[in-house]
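Here's the structure, in C-alpha cells; my notes come after.
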Amino acid sequence: RVNDEVSARLWTLAELYQRDGELVRVLRPGRKDLSNAPRIQSLPRATLRESMTKVVRFLKETNSGLKPQHPPVWCVDAVAARGTWPEMPVLRSVVEWPVLCPDGSVLQDEGFDEQTGLLFLPQEEFEKVADQPSGDEVRQALDDLLDLVHDFPFAGPEHRSAWLAALLTPFARYAFDGPTPFFLVDKNVRGSGGSMLCDVISVLATGRIAPKTTQVVDENEERKRITGIAKAGDPFVVIDNISRPFGNGVLDAALTTTVWKERILQESNTPEYPLLAIWMGSGNNVQIRAHADTFRRIQPMRLESPLQNPETRTEFKYPELVQHCLEMRRHYVWAALTLLRAFCASGAGPKMKIESWGSYSGWSNLVRKCLVWLGLTL
C-alpha cells in the first residue's frame with residue numbers, strides 16, 4: 001500500500017519521467033548554454049529518495065508519538081524496481097528544435113508533449129511555421145537551404161539533394177516509424193568540406209556542432225558505443241575521417257532498428273532503449289568492408305573537387321559558414337519545417353509512387369517523397 005501511494009504521487013513531479021522500464025530525469029544545461037545538450041539519465045536512488053520527500057511524508061510511530069523520518073530503503077528500492085508507473089509520463093526523446101509530428105503538424109510549444117512523448121526544450125525562440133505554407137514560402141525556403149551549400153563541389157544534383165535529405169531528417173525524425181540511413185559524405189580529396197556538411201546539419205538542428213567520434217573496428221567496442229548512445233538519447237552520431245573499410249555487423253544492426261537491447265556492463269539486466277540517433281560520417285574515397293551489409297544502408301553524398309588542395313580556397317559566399325548558420329538558425333529551421341509541413345499539407349504523399357528502400361520505407365515515404373515533390377532528384 002505504501003509503495004502504491006508513493007508511486008501514485010511521483011508523477012506530479014514535472015522533472016521525472018519513465019523510459020523503457022526505469023525512472024529517468026533530464027539533465028538540462030542553462031538556457032543560454034548552447035555548448036551542452038540535454039541528456040536523459042537514469043534516476044539515481046538518492047534522487048528518487050529526495051523526490052519522494054517532495055510528494056509524501058513518512059512518519060514513524062514511537063513511544064512519544066509519530067515522528068517524521070526519511071523514506072525507508074525498502075520503499076525506495078521497491079518503487080524503483082516496479083518497471084512501470086501508470087501515471088508517469090513516458091519520455092521518448094528530448095528535442096531542442098521544433099519537429100514534425102506523425103499527424104503532419106509541427107511541435108512548436110515548449111514542454112512535454114503527451115501525444116509524441118517528446119520533451120521540447122528550445123534554447124531560443126523559433127519562427128512559427130504556417131499550417132498552410134504558401135508557394136512563395138516553399139520556394140524561398142528551398143532556395144535558402146540549397147544556397148547554404150553553394151560552394152560545395154557536389155558530384156551531381158542527386159548528391160546535393162541527398163544533403164538536403166540529411167538536413168530535413170532531424171526535423172522529420174519523429175514523424176515516421178523506422179530507422180534512417182547512414183548519411184555518408186564521400187570525398188575525392190581531403191579538405192573538400194565533408195565534415196563541414198555534417199556540422200551545418202547539426203548546428204541548424206541543435207545549435208551546436210555534433211561531437212565527432214572515430215571509426216570503430218572491434219564489434220564489442222561498437223556495441224558498447226551504441227548502447228551508450230541509445231541510453232543517453234543522443235540525437236546525432238558523426239563518424240569523422242573514415243579511413244579503413246567501413247561497416248560491421250553490429251553497426252548494420254543499429255542502422256536498421258529503432259530499439260536497442262544490450263546488457264549493461266557490470267549489470268545483469270538487459271534493458272531496451274529507443275535508438276533514434278541520426279548517423280552521419282565522412283571520409284576520402286571510403287571503401288565498404290567486404291561481406292558487410294552496410295552498403296545498402298548508406299545514403300551517399302559525393303564531393304569531387306577539381307583542386308588538389310581545396311583547403312586553400314579563399315573565395316566563398318559564406319566564409320564563416322558555421323557562424324552564419326548560428327546567426328540565421330531561426331530562419332533555416334523555419335525553412336526546413338516549411339518544406340516538410342507544405343508537403344504534408346499537400347496530401348500528395350500517399351499518391352506518389354517511388355522506388356522502395358528496404359528497411360527505410362518510413363523515412364523514404366516522408367523525406368524522399370518530399371524532395372521528389374519539390375522537384376529534386378534523389
Side-chain angles (χ1 to χ4, degrees), residues 141-170 181-217 236-247 278-290 294-295 297-329 331-332 335-336 339 367-368 371 374-378:
L142 179 59
D143 290 344
D144 289 349
L145 291 175
L146 292 180
D147 184 59
L148 281 173
V149 292
H150 173 271
D151 293 314
F152 288 84
F154 289 103
E158 67 276 16
H159 296 278
R160 186 184 64 164
S161 298
W163 176 83
L164 183 58
L167 172 62
L168 294 183
T169 297
F182 187 99
F183 298 100
L184 175 63
V185 185
D186 187 28
K187 306 168 292 180
N188 68 325
V189 63
R190 62 182 177 82
S192 302
S195 298
M196 180 69 71
L197 287 178
C198 297
D199 289 342
V200 168
I201 295 171
S202 176
V203 164
L204 292 182
T206 68
R208 71 184 67 84
I209 294 175
K212 306 294 193 303
T213 186
T214 56
Q215 183 179 4
V216 173
V217 176
F236 287 99
V237 182
V238 180
I239 303 176
D240 203 21
N241 295 322
I242 299 171
S243 58
R244 290 169 288 189
F246 183 65
I278 295 169
W279 297 79
M280 298 186 292
S282 66
N284 300 329
N285 299 310
V286 177
Q287 296 181 1
I288 306 303
R289 185 178 177 184
T294 313
F295 182 79
R297 292 164 165 82
I298 289 176
Q299 173 62 65
M301 294 171 270
R302 177 71 175 176
L303 297 179
E304 292 187 353
S305 175
L307 304 176
Q308 185 175 359
N309 298 296
E311 68 273 16
T312 62
R313 288 181 59 192
T314 57
E315 296 181 2
F316 296 97
K317 186 169 185 177
Y318 301 109
E320 300 293 337
L321 182 56
V322 169
Q323 185 60 36
H324 171 74
C325 289
L326 285 172
E327 294 172 355
M328 298 293 294
R329 183 186 174 214
H331 174 71
Y332 290 124
L339 298 182
V367 178
R368 283 181 72 202
L371 294 182
L374 289 168
L376 301 180
T377 302
L378 182 60

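The chain is numbered in sequence order, starting from 1.
- Remark: H331 engages E127, D144, M328, W334 in a side chain to side chain contact (heavy atoms under 4.5 Å, CB included) (not counting sequence neighbours).
- Judged as a side chain to side chain donor-acceptor pair (under 3.5 Å), and not counting sequence neighbours, the contacts of D240 are S195, S282.
- Within the structure, every pair that satisfies the salt bridge (Lys or Arg N to Asp or Glu O under 4.0 Å) test and touches residues 315-328, not counting sequence neighbours, is listed here: D147-K317.
- Scored by the salt bridge (charged side-chain N to carboxylate O under 4.0 Å, His left out) test, R302 finds D186, E304 as partners (sequence neighbours excluded).
- For D143, the side chain to side chain contact (heavy atoms under 4.5 Å, CB included) criterion is met by no residue, not counting sequence neighbours.
- Listed by chain and residue number, V189, S192, S305, L307 satisfy the side chain to side chain contact (heavy atoms under 4.5 Å, CB included) test with P310 (two or more places apart in sequence, or in another chain).
- Shown here are the salt bridge (charged side-chain N to carboxylate O under 4.0 Å, His left out) partners of D151, two or more places apart in sequence or in another chain: there are none.
- Residues meeting the side chain to side chain contact (heavy atoms under 4.5 Å, CB included) test with A165, sequence neighbours left out: W363, V367, L371, L378.
- E158 pairs by the salt bridge (charged side-chain N to carboxylate O under 4.0 Å, His left out) definition with nothing, not counting sequence neighbours.
- Listed by chain and residue number, Y318, Y332 satisfy the ring pair (Phe, Tyr, Trp, His ring centres under 6.0 Å) test with H324 (two or more places apart in sequence, or in another chain).
- With sequence neighbours left out, the salt bridge (charged side-chain N to carboxylate O under 4.0 Å, His left out) criterion links R297 to D293.
- In this view, T213 and R225 satisfy the side chain to side chain donor-acceptor pair (under 3.5 Å) rule, not counting sequence neighbours.
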